[in-house]
Amino acid sequence: MTLDSTDLFGAVIDRRVVPVLVPMPAAKAYSYVVPDGMAVEPGSIVQVPLGPRLVVGVVWDGADDGMVDPRKLKQIEKVFDCPPLTGDMRAFLDWVAAYTVTPPGLVARMALRAPAAFDPEPMVEALRLTDMRPERMTSARERVIAAASDGFSWTRSGLAHAAGVSSSVVDGLTAQGVFETVFMPPPPVVALPDPDFAAPRLEGAQKDAAADLLAAVEERRFSVSLIDGITGSGKTEVYFEAIAATLRAGKQVLILLPEIALTASFLERFQDRFGSKPAEWHSDLAPRTREKVWRQVTTGQVRVVAGARSALFLPFEDLGLIIVDEEHDPAYKQEDRVFYNARDMAVVRGRISNFPVVLVSATPSVESRVNGEMGRYRPIHLPTRFGDAALPHLGVVDMRRHPPERGGFLSPVLLDQVGKAIGRGEQALLFLNRRGYAPLTLCRVCGHRFQCPDCSSWLVEHRFRGQIQCHHCGYSERTPEACPECGTLDHLVACGPGVERIAEEVERHFPEARTIVLSSDLMGVKRLRLELEAIARGEADIVIGTQLVAKGHNFPMMTLVGIVDADLGLANGDPRAAERTFQLLSQVTGRAGRTGLKSLGLLQTYQPQHPVMQAIVSGDSDAFYEREINERERAALPPFGRLASIIVSADSRNDAEGHARGLRMAAPRVDGIAILGPAEAPLALIRGRHRFRLLVHGRRNSDMQAFVKAMIAGGPKERGSISVQLDIDPQSFL
DNA sequence: AGCACGCCGACT
DNA sequence: GTCGGCGTGCTC
């Protein structure tokens, strides 16, 4: 808008005022004055003064509402030389903000997560051969000149490397005028992918699925396809064809992967098909690389990004396809600051920009499955494995009939199969989704249980490190020798298994075997990649791992997978517990049987009749899904209702339950409230108090939105120790 | 979200 | 007497 104002000489001048989203939890955009001679438009990325500092903001849509005292208005400091956020991108950010009940500035900030990328990358210094030649020629100098004779410009170190000399040789030649310094645009972070580099010949079901998918993708408008295919059925090859088609049409592609830091093998497969790697985007990127990728995505130099959920907020120049691989994976949910599920927001982004979205999973989420059945998503089935990849034979071990020996956790049945597998020179994987040695430690004399002083959950013993740790808030201390309650020495007893304890049991039974424990707390991402490669080369016999062994790495010699405790995670109150267990166990057992060798998966369970076990063992999941869908529909859970979670911070569980009852009274249209233990509260929210999570579900969007907004507005003050944070699970928004 | 201001405990 | 904990409040 234009404001009338008066200058020093009493003349009326125009001040142009625009809304600017600043990275702050304000309900709406702030107003800033555009200085004379500055050109801004909606989407422009700008630097503005905010309180005592300068921040990055985005000029937003609409006119300024003139509600702020004109004397308070400050000027935009500068406009970055960078493509403005497109109208689609702004509409997307607005939508996410409204849907997740998050201040728009915080959502916009996710699109600007690249410290210094907003100005163009500086040109790089390069050397180009001139007509001058050195007075004295040496063989090193000849090699340098020969290498540089291709007519192109070279970087100093690149040229030295290419000629096999040290850079001082190049410097000497430069000093004599043989090279002149020129500036060239910075090199791309990745080479351009070639859609025709190694197009595979697809057969049978894969060919049909690819044709089906291409029909949807080549319409070049919004649709959601759900590729549902068992492990090893060739889902990746199929969606690579959709990527190729999109690249040929000149559009950019985004591939979302859960935990991309662990998926080196995916990048290689992509390179084999397209001749170059996609640009990566995840939290472990080096800041310089991050800036380059951000910049080159906005300018369109990067054509394909493979990224974690945050990549969804990259401001692509011209995005034309999103693939969400392993769409059921809980890692797509962000549970701090802005609460969102990247899978669902990907669908929204496709709808807003009118391009196709492809969801992929061997074990689709119940939501996606229902959306497929209702015709909102287009189901594409890949029912069979191809090549020599036989399915593993899967079975349960009924732990009531085959109990482990005293103090152990592995049944004789499983131990026998481990012995046989390593006896044949093959590998065995034992999966237990529990880090550390034991989940609970107590004193045999007085019954004292080690509990976290900050958040009330049990402290987990980590024997390799000699520590007891809280897995929820990060608290840790050295494992004491004496009971802190009664002072008795050496009477602490570990209850229940963790991977470290399983490793101990394995080593007792197979002292000769090479055993390795893979657990996220024992190694960083880099170290883990190396270990995974070593295992794939056959440098271990028995691998004992937590959840991270489930993610996209293939071990050709792995012919036995043992699930140490298939029941773990079934009884924690989460309405998605069974679904999650089914998905996780399918993924882990899918690690076996990718070779031509006969392979076996065994699930140790006390509930062999449980629908999850039945679905896994039979390989027929339809009955399981049907049951879950009916249950969800009855309880008004997604996708039939809406699910929000509220973190209640209270001094005791009793208080939390009291608050829950209070909330229920306050929200008559909410269908159900479940209280989950401290383990269910997201890590980021725990700050030294007892925290519980309430899962609240209701049938109608508007009811839940109203409820959640009221909770935020009512906030901690009026409700004593309740603090509200939410996590809204999307349902249908199509 | 940052960052400043402001009011009570252990230290040079 | 100051340094520093984090509770409260503000940013166009």
Side-chain angles (χ1 to χ4, degrees), chain A residues 1-5 13-36 38 40-80 90 93-94 96-97 100-116 118 283 310 313 334-340 453-455 473-475 647 649-651 682-691 712-727:
Chain A
M1 74 174 281
T2 304
L3 261 189
D4 284 340
S5 167
I13 56 164
D14 289 343
R15 290 207 301 176
R16 199 154 68 90
V17 178
V18 293
V20 174
L21 280 186
V22 287
M24 210 199 47
K28 61 184 206 58
Y30 277 7
S31 304
Y32 283 88
V33 173
V34 184
D36 283 345
M38 179 183 280
V40 297
E41 57 181 302
S44 293
I45 298 173
V46 293
Q47 188 172 54
V48 292
L50 182 68
R53 67 217 157 97
L54 289 173
V55 298
V56 174
V58 194
V59 176
W60 217 240
D61 300 87
D64 180 72
D65 59 13
M67 296 297 284
V68 188
D69 180 352
R71 287 168 304 184
K72 278 175 75 176
L73 296 185
K74 293 179 180 173
Q75 287 198 344
I76 294 175
E77 195 80 13
K78 71 177 272 195
V79 189
F80 289 102
R90 287 173 345 250
L93 296 175
D94 271 336
V96 173
T100 60
V101 205
T102 307
L106 295 187
V107 178
R109 199 175 64 138
M110 297 197 295
L112 304 173
R113 280 276 171 84
F118 310 121
S283 55
S310 59
F313 291 90
Q334 172 152 79
E335 304 205 88
D336 66 303
R337 297 181 180 91
V338 183
F339 290 64
Y340 68 92
D454 292 340
C455 70
C473 67
Y475 173 87
I647 308 302
S649 161
D651 294 332
L683 195 70
L685 294 170
I686 297 170
R687 281 189 293 267
R689 298 190 59 194
H690 298 257
R691 277 168 196 261
I712 294 174
K717 267 182 254 166
E718 287 141 67
R719 298 184 178 277
S721 52
I722 291 186
S723 70
V724 182
Q725 284 284 345
L726 37 137
D727 151 29

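Order of the sequence lines fixes the chain letters, A, B, ..., with proteins taken first and strands second; residue numbering starts at 1 for each chain.
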- Validation row: A:Val107, A:Phe313 side chains within 4.5 angstrom (heavy atoms): yes
- Residues two or more places apart in sequence or in another chain: which of them pass salt bridge (Lys or Arg N to Asp or Glu O under 4.0 Å) with A:Lys74? none
- Item | Under 3.5 Å donor-acceptor, A:Tyr32 side chain and A:Val59 backbone | no
- Query: Between A:Phe80 and A:Val56, is a side-chain contact (heavy atoms from CB on, under 4.5 Å) present by the stated rule, with each step listed?
  - Reply: CA-CA 9 Å; A:Phe80 289 102; A:Val56 174; 4.2 Å; yes
- Message: By the side-chain hydrogen bond (donor to acceptor under 3.5 Å, both in side chains) test, which pairs, at least two apart or in different chains, include something from residues 101-111 of chain A?
- Response: A:Thr100-A:Thr102
- Any chance you could measure A:Met110, atom CE, to A:Arg337, atom CZ, to the nearest 0.5 Å? 11.0 Å
With 3.5 Å as the limit, what N/O pairs link the protein to nucleotides 10-12 of chain C?
unit_1: C:dT11; atom_1: O3'; unit_2: A:Gly51; atom_2: N; d: 3.1
unit_1: C:dC12; atom_1: OP1; unit_2: A:Pro49; atom_2: O; d: 3.3
unit_1: C:dC12; atom_1: OP1; unit_2: A:Gly51; atom_2: N; d: 3.4
unit_1: C:dC12; atom_1: OP2; unit_2: A:Lys74; atom_2: NZ; d: 2.5
unit_1: C:dC12; atom_1: O3'; unit_2: A:Ser31; atom_2: O; d: 2.9
unit_1: C:dC12; atom_1: O3'; unit_2: A:Lys74; atom_2: N; d: 2.8
unit_1: C:dC12; atom_1: O2; unit_2: A:Ser31; atom_2: N; d: 2.7

- Message: With heavy atoms of chain A within less than 4.0 Å as the criterion, where does contact along DNA chain B begin and end?
- Response: B:dA1 to B:dC3
- Note on the structure: Residues pairing under ring pair (Phe, Tyr, Trp, His ring centres under 6.0 Å) where one sits in residues 48-75 of chain A, two or more places apart or in two chains, turn out to be none
- Any stem touching DNA chain B, meaning at least three consecutive Watson-Crick or G-U pairs under 3.5 Å, ordered by first number, would be B:1-11 with C:1-11
- Message: Do A:Lys28 and A:Met67 make a side-chain contact, defined as non-hydrogen atoms from C-beta onward lying under 4.5 Å apart?
- Response: no
- Please name the residue in the list A:Val46, A:Val33, A:Asp61, A:Ile76 that meets the side-chain contact (heavy atoms from CB on, under 4.5 Å) test with A:Val18. A:Ile76
- Message: Test side-chain contact (heavy atoms from CB on, under 4.5 Å) on A:Val40 and A:Arg16; report intermediate values, then the result.
- Response: CA-CA 10 Å; A:Val40 297; A:Arg16 199 154 68 90; 3.6 Å; yes
